[in-house]
Each structure stands twice: as structure tokens, then as C-alpha cells.
There are 2 protein chains.
Amino acid sequence: MSVRLKDLAKQTGYSISTISRALLGYSDVNPATRKKILEAAKRLDYYPSQIAKQLRSGRTRTIGFLIPTYGERFSDPFFIELLTGIGDMASLMDYDILVGTSGDGEKELEEYRRVVGGGRVEGLIITRTRIRDQRVSYLLKTHTPFILLGRVLDHKNVPYIDIDSRSGIKILTRHLIESGHRRIGFITTPDDLVFTKFRNQGYREALKEAGIPYDPDIVEIGNLTLESGKSLGLKLLSRKDRPTAIVAVNDLMALGTYGAAQQLGLTIGRDVSITGYDGISLSKNAHPPLTTIEVPIYEIGKQLFEMLYKLINHENLGESQILLPPKAVFRESVGSPA
Amino acid sequence: MSVRLKDLAKQTGYSISTISRALLGYSDVNPATRKKILEAAKRLDYYPSQIAKQLRSGRTRTIGFLIPTYGERFSDPFFIELLTGIGDMASLMDYDILVGTSGDGEKELEEYRRVVGGGRVEGLIITRTRIRDQRVSYLLKTHTPFILLGRVLDHKNVPYIDIDSRSGIKILTRHLIESGHRRIGFITTPDDLVFTKFRNQGYREALKEAGIPYDPDIVEIGNLTLESGKSLGLKLLSRKDRPTAIVAVNDLMALGTYGAAQQLGLTIGRDVSITGYDGISLSKNAHPPLTTIEVPIYEIGKQLFEMLYKLINHENLGESQILLPPKAVFRESVGSPA
DNA sequence: TAAGATTCCAAAAACGTTTTTGCTACATTG
DNA sequence: CAATGTAGCAAAAACGTTTTTGGAATCTTA
């Protein structure tokens, strides 16, 4: 068993309360006594029980982060970068992170209830916001602090960081149009995800402004993974009237489309142009480098934690809804059509 | 404030202990009373304080997982897959995961002391084991249950799961040799990492068995990232006596080398052959697909948790040191030299 | 009907802290 | 020298559970 205040009390002959106050540096303990106590603590390798501290103080110094395994986005490097960003900042502020995986539907909510209702966390960071997001409703109802990565549509005044992905996809699509493309495919996901909805809008708006009709035949719906991007890419690029360019809703699917194009013997940037979204490190090092929107996800992770910290500790949040402008990087995956 | 047993007691008129026993399903409470209590609990949205439970029971039902940010392996998809594997199994067994980022040196140990000494976790999963690993020594000293992903060399009898990466790299190198390569470069990392040490051995042994002298000039040392792979790949492939094949110590660096080769106008699989290690989903979908060792990291994550669970709960662990045979997948990134 | 058994519930202790309160011994002051 | 102040420590309460112990009321049995 580990050593507790009680043991230090026995060792030194002082009372538990004096030990505690000595360790915490209160002024009503004799410097000589404190020294003895500190030495004993060091000698016996005393570390205070975080659990007891938490119960007593009512503070857990822990935030929650549930990985939405629902919908398959396992191997997305995006998440680990985000998590390290959050973690590095949390560590700086002496906070811990409780991570879980959350299913979907009622099971998802149950997971949140257990963690939040059970008082294990002081706040949460929520990713992959959905159009009607039960998590947000629940957290609002229970007055639990949270920050979203991505917006929601059915509640105003909830704090978030998001990238204006409507504009982002619009810029990319427009870039394709300006490069001469008229037949531009789109690989996306079901639009219960908020960011998908915005990206879909961006795609359609860019087309509309250029006077190009929206053609549902060259819009495919997948699940954000490399594999999905590849199979949908194959589908699109095998058409006899295949598009000369493809906008993918994220980098992973774009890189999947790379695989499809290469399998079909098409040269990317010449036979077919491709764009992505996220700016994962692979996008830069793909061949050819991928035109995409660069999202500084590690930095965003840090900022998400900072905002949550302020919210939890009732500090002034400043801007609580941060919509970052997209940063497009134009690379060789886009060229003019033949 | 959230509703506690006390509140249920007030509401229903029963005592706290009866409420507790009713909720826990003990037999010495009248079915009618239990029903009333359960209803009240539901109505008032009662969720037990996990903290109090933990303090009382001495069990936290939480394991620790510290991401080693030291040494840059941020955007490695490997880690998020591992974490989801651990998380999914933990969720099944009603365990939570405390995630932190850990620096290096004394700071790293301090992080472990805080979490372990503070009694926040019942056990840990340790990744990226190092030759002389202070974490292992500490955990042994404090009798904290843990499972390693990867072996350590200075302690026998510590439980781990590892892949025999010496054999793995050996198979890949031999495959290159059998394809006709004699000049085979190696991109690796400093060998304080255990797995690097084994992989280095595998490389050298394969060369030796084929009677090829080890040439330090074509062995480069980096840091497991895509960028590092690219710059070292450039270095190797720009030599006038450039190797006809390159063994990279992980997929990310191999894919970085892809970028280098492509930048130099070399065709992979023809002008230069490349192998990786890990089998991340990108390896399959790269162009050309990468010859590598496939590591079922999600499954390993699940198994790691299972082992840790048994260790914590004093169940029979069975085999406590699991060395999985490498599973090589031979793909088009390897061809015969010109 | 008296004695023992059973049913249902409440009181209290314990987990390990922090904080409030108070006490004793000594020093300071007029 | 009596009154007041202060320094240094200890006792006890509290956070919210679970579990142990026990007690009153009812039921069973001879």
C-alpha cells in the first residue's frame, strides 16, 4: 500500500492536519517542523491521493475527450495530432485527459452521462459535430463546460473553433474551375456531419457561380477513410464520361482517390486533378503533392484546451466562437484538363 | 449541483444506506421500496459520483496511457489505432483511460509519479520502450501493473507484446537481396529505442548472411517522421553510388523516401526499391503499394488491455510475454535492380 | 403464547484529503 | 502583573460512496 498522510503523522509524531498544512506551505507551521515533515515525505515517497483531493475539493482537474469511433475514422492522423495538442496544453496547466471511445445513438449518450454525471470531468472537447447533436443538448442541459471543434446548427452561443470549410472547399473548387475544369466530381460523406454540410455547400456554390450545373451522378458518398476514397474514386474515374477533376472532402479520401487514379493508369495533375482537405503531413509528401486546405490541428488542439480551461475557471473567454479562414495550399495535384 | 444519494434520501424518505443498497440491487430491501427508489433516481437523473466510489473502493477502474511526445511521432496514425484498440476493449470492461503527454528525462518520470503515486490509475500501458527504461524500473519498484508494447532488455519477466522485428526487417532485407539488390541503404533512428535496436540487427544479419559488407555510409539516422524519411531519402538517393534499395525502419519514413525518390525522378520498384514497417493503411494505398510488415495494431491494442486487465485483477495471464511473428506483405515497391 | 427466525431498514465507520475552529503555551503590552 | 496577542499545533467536519453492524417489527414455530 502507498504511504498516506496518516503514515507521515505516525512517523513524525505530528497530526494529520499539521502534516497537510506543512506540505501545502501554510504559514502557521514552524519552519523547523515543516522541514522535518518535508523530509519525511520525501523519504517515504509520499504522493497525495488524487482521488481524495478530488473528492474533497470537488475539482477533478480532468477534461474528457471521447473518440467518435462511430463511422470509422480510426487511422486518421488528424486525431492524434489534435490529441497531442490538447494534451500538451493540458499538461502545462496541470490537467489530465480522460479518453474514451464512444459508440453511436443511445450508447454514445450513455457514455457521456457516465463520465459527466459521475463527475469525472470538469469539461469536454467535442469533435465531429453533427447537425442535430445530442451531445451538445445534453451538455447544455447539465451545464457542463465544453468547446466544440466544429459548429452546430441548432444552438446559438455555444463556443467553438471551426474552419470556414464552406469557403475552403469553394476556394479549391474555384481553383479547379479557373484551371479549366468544368466536370468536377465530388467525394463526400453523409451530411449529418456539420463540416460535410458546409463543404457540400462550398462545392455547390462554386459551381453555381461559374454557371456549371450540379450533377448528382458525379457526387459519391463515403466514410472519410482511405479505402472509401479509393473505391469511390474508382467508381468515378471508371465512368466513360469521367470527371477531369475530383474534390474530396478530406485528405485521406483524396489520397485514396490517388490510388484509384494510379490503378487506372491516370496521371494525377494531368489526366485528373484532385484536391483534399486537412493538410495532414502526407498531403505534402504525396506524389504529386496534394492541393488542400491546411488545418493547423495541433495548434487548434492547444487553443481548444485553453478555451475550455477559461470556461471552466470562469475566466474571460474573449471571442468564444472562432471561425478561422481556410488556408489553401496549391500544389501539383491540380493541373489543366487535356 | 448534481443530485447525490443524500438528495434521493430526502426525496424518498429512506436513509442513504438503503438508497445505496437498493440501487446496487441488494436483497435486503423491499421490492416496493426499491421500485420507488429506482424511479426517484431516474426522475432526478442520479449518477453516482465516480470519485467517491473510487475513494471508497480503492479502485479507479482507470488505466494510464502516456503518449511519448519526446522524439516526435505526432502524426503517426499508428498511435490512434492503438489507442482505439485499447479504448474499445477498456470500454467493454468498464474501464477508463487517462491520457497524458510525457516529456523526457526527469519530467517524464515526474509525470508517471504523479499519476501512479497519486493513485489515479490501476495500471499502465507503455509504448516505445527504450534500452534502459526508467519507466519500467519505476513501475516495478512501485508494484504497479503494466504491459509493454515492445520489449525491454534490462529486466526479465516483465509482460509484453512485441513483434519480432529483428526477423521482420531480416525478411524484408533478404527479400531485397533475393530480388538481386546488393547495395541496400537503411533509414533508421537512434537505437535507444528497443525496436530500432532489433531492426538494426535484422538489417545487419541479413546482409551478413548474404556476404554483403555493412556500409555505414548508406545508413542514415532520423526520427520516424515522414519529413525525416524524405530528407534522408534525398541524401541517400542523391549519392553518385546511390543504393538500389532502401530499408526504412517504419512506414512513415518509407513513404517519406517515396517523396524523395519521386522528387528525383526515380521510379519506385524499378529505379529504387523501398520497404517499410508497420502496415499503416497508407502503405497499401501508396503508389506503388509498399512492401512492409503488417502490424495488427488495433488488435494488439485490444490484447494489451486484456492482459493488463488480467494482471490488475489477478487473473491468470497465461503467456505473459508474447512475441508475434512478423507478417510480411510483398508489394510493388520492390523490384529487381536495373 | 413465548421464543426464535426473518424482513426491512437505519446508523455509523471508512476511504484520504483540506479547511475551519479552537486550544495551549508563550510572548507582548500597558 | 494582569490582560491581550500570537505562534504552533490538533481535533473535527466535510466531500459521497459502500459496507458492517444492529435494531425494530413482523412472522414462524412448538
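It should be emphasised that the depicted structure is a prediction, and the values quoted were computed from it without experimental measurement. Lettering of chains follows the sequences in order, A, B, ..., and the numbering in each one begins at 1.
For B:I163 against B:L323, the heavy-atom pair with the smallest separation is C-CD1, 3.9 Å. In plain terms, the two heavy atoms of B:T101 and A:S91 that are nearest each other are OG1-CB, 4.0 Å.
Proximity of B:S15 to the phosphate of C:dA10: a side-chain N or O atom is located under 4.0 Å from OP1 or OP2. OP1 or OP2 of C:dT18 lies within a sub-4.0 Å distance of a side-chain N or O belonging to A:K53. Between B:R4 and the phosphate of D:dC15, there is no side-chain N or O to OP1/OP2 separation shorter than 4.0 Å. Checking the phosphate oxygens (OP1, OP2) of D:dT19, a side-chain nitrogen or oxygen of B:Y26 falls inside 4.0 Å. For the OP1/OP2 pair of D:dT18 and a distance below 4.0 Å, the side-chain nitrogens and oxygens of B:S20 include at least one atom meeting the criterion.
Heavy-atom distances to DNA chain C give each of B:T18 and B:R56 a nearest nucleotide, and the one nearer the 5′ end belongs to B:T18. Positionally, the nearest nucleotide of DNA chain D for B:Y46 lies more toward the 5' end than for the other of B:Y46 and B:R21. Annotation: of the two residues near DNA chain C, B:A52 and B:R34, the 5′-most nearest-nucleotide partner is B:R34.
Whole-Å rounding puts the B:I16 CD1 to D:dA14 P distance at 12 Å. Going from atom CG of A:L55 over to atom C1' of D:dT18 covers 13 Å, rounded to whole Å. Between A:D7 atom CG and C:dT17 atom C1' there is a gap of 13 Å when expressed in whole angstrom units. Atom-to-atom, CD of B:Q54 to P of C:dG16 comes out at 14 Å; the value is rounded to the nearest Å. A straight line from CG of B:N30 to C1' of D:dA25 spans 13 Å, rounded to a whole angstrom. Remark: P of D:dA10 and CG of A:L5 are 13 Å apart, rounded to the nearest angstrom. Between B:R120 atom CZ and C:dC15 atom P the separation is 21 Å, expressed in whole Å. Here the P atom of nucleotide C:dA13 and the NZ atom of A:K6 are 16 Å apart, to the nearest Å.
Within the 4.0 angstrom heavy-atom criterion, no nucleotide atom of any strand lies near B:G118. Across all strands, A:S49 comes closer than 4.0 Å only to sugar-phosphate atoms, never to a base (heavy-atom distances). Residue-level contact check: A:D28 touches the bases, meaning some heavy atom is under 4.0 Å from a base atom. B:T33 comes within 4.0 angstrom of sugar-phosphate atoms only, judged by non-hydrogen atoms across all strands, and of no base. Within 4.0 Å of B:I51, counting heavy atoms only, lies no atom of the nucleic acid at all.
For the residue pair A:R135 and A:S102, no side-chain donor N or O sits within less than 3.5 Å of a side-chain acceptor on the partner.
Between A:R113 and A:E110, at least one side-chain N (NZ, or NE/NH1/NH2) sits under 4.0 Å from a carboxylate O, which counts as a salt bridge.
Contact annotation: the side chain of B:L193 approaches that of B:L224 to within less than 4.5 Å [non-hydrogen atoms, C-beta and beyond]. Counting heavy atoms from C-beta on, the side chains of B:Q11 and B:V3 never come closer than 4.5 Å.
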